[in-house]
Amino acid sequence: MHPTEIESILRAALALDELYVQGDNGHFQVIAVSALFAGMSRVKKQQTIYAPLTEQIASNAIHALSIKAFTPEEWQRDRKLNGF
């Protein structure tokens, strides 16, 4: 699976302001930014990202997935810490 495929799936399923996907060989890192994460716990944010990718995870196309999900306000504060 290629990072652009994950991007397409997530963009089609979620209203995301920014999305960064990196990785290969089944191991991927996702940074997602959206107002939809406001008021969500870290676990709930991760579940929101996992949900559209359930089929790819079940088929082992995605073996490992690291997720960082931010509201726009959190992203403005933390983006430099994440190398952006």
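Small disclaimer: the values here were computed from a predicted structure and weren't measured.
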A.B. asks: Would Phe70 and Leu16 show up in the same hydrophobic cluster when neighbours are defined by side-chain heavy atoms closer than 4.5 Å?
C.D. replies: no

A.B. asks: Taking atom types as modelled, find out whether Tyr20 and Glu18 have a side-chain donor-acceptor pair closer than 3.5 angstrom.
C.D. replies: yes

A.B. asks: Would you please test Trp75 and Asp17 for side-chain contact (heavy atoms from CB on, under 4.5 Å) and show each step?
C.D. replies: CA-CA 10 Å; Trp75 182 237; Asp17 298 337; over 6 Å; no

A.B. asks: Taking 4.0 angstrom as the limit, do Lys68 and Glu74 come out as a salt bridge?
C.D. replies: no

A.B. asks: Is there a path from Val33 to Leu14 through hydrophobic residues (I, L, V, M, F, W, Y) whose side chains come within less than 4.5 Å of each other?
C.D. replies: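 In one cluster: no.
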
A.B. asks: With a cut-off of 6.0 Å (strictly less than), are more than 12 heavy atoms of other residues, nucleotides or ligands near NE2 of His27?
C.D. replies: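 Yes - once you tally the heavy atoms of other residues, nucleotides and ligands closer than 6.0 Å, there are more than 12.
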
A.B. asks: In the single-linkage hydrophobic clustering (I, L, V, M, F, W, Y; side-chain heavy atoms under 4.5 Å), do Phe37 and Ile9 co-cluster?
C.D. replies: yes

A.B. asks: Can you check side-chain contact (heavy atoms from CB on, under 4.5 Å) on Ile6 and Phe28, steps first, answer last?
C.D. replies: CA-CA 9 Å; Ile6 294 172; Phe28 298 96; 3.5 Å; yes

A.B. asks: Is there a side-chain contact (heavy atoms from CB on, under 4.5 Å) between Val21 and Gln29 once you walk through the steps?
C.D. replies: CA-CA 6 Å; Val21 181; Gln29 302 81 39; over 6 Å; no

A.B. asks: Before you tell me yes or no, could you show the steps for Ile62 and Asn60 under side-chain contact (heavy atoms from CB on, under 4.5 Å), namely the whole-Å CA-CA distance, both residues' side-chain angles and the distance that decides it to 0.1 Å?
C.D. replies: CA-CA 5 Å; Ile62 298 173; Asn60 216 25; over 6 Å; no

A.B. asks: Which atom pair, heavy atoms only, marks the closest approach of Gly23 to Pro3?
C.D. replies: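 Looks like O-CG, 3.3 Å.
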
A.B. asks: So does Glu73 get a backbone contact from the side chain of Gln76, meaning a donor-acceptor N/O pair under 3.5 Å?
C.D. replies: no

A.B. asks: Starting at CD1 of Ile49, measure out to NZ of Lys44 and round the result to the nearest 0.5 Å.
C.D. replies: 11.5 Å

A.B. asks: Applying a strict under-4.5 Å side-chain criterion to I, L, V, M, F, W and Y, I'd like to know whether Met1 and Leu10 cluster together.
C.D. replies: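 Linked within one cluster.
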
A.B. asks: Any chain of hydrophobic side-chain contacts (each under 4.5 Å) joining Tyr50 to Leu19?
C.D. replies: yes

A.B. asks: Any chance CZ of Arg79 has more than 12 other-residue heavy atoms, nucleotides or ligands included, within less than 6.0 Å?
C.D. replies: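 Atom CZ in Arg79 is crowded, with more than 12 foreign heavy atoms closer than 6.0 Å.
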
A.B. asks: Please report the interatomic distance CZ(Arg11) to OG1(Thr4), rounded to the nearest 0.5 Å.
C.D. replies: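 That separation rounds to 11.5 Å.
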
A.B. asks: So, taking the atom named CD in Gln46 and the one named CG in Leu65, what distance separates them when rounded to the nearest 0.5 Å?
C.D. replies: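 Output value for this atom pair is 8.5 Å.
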
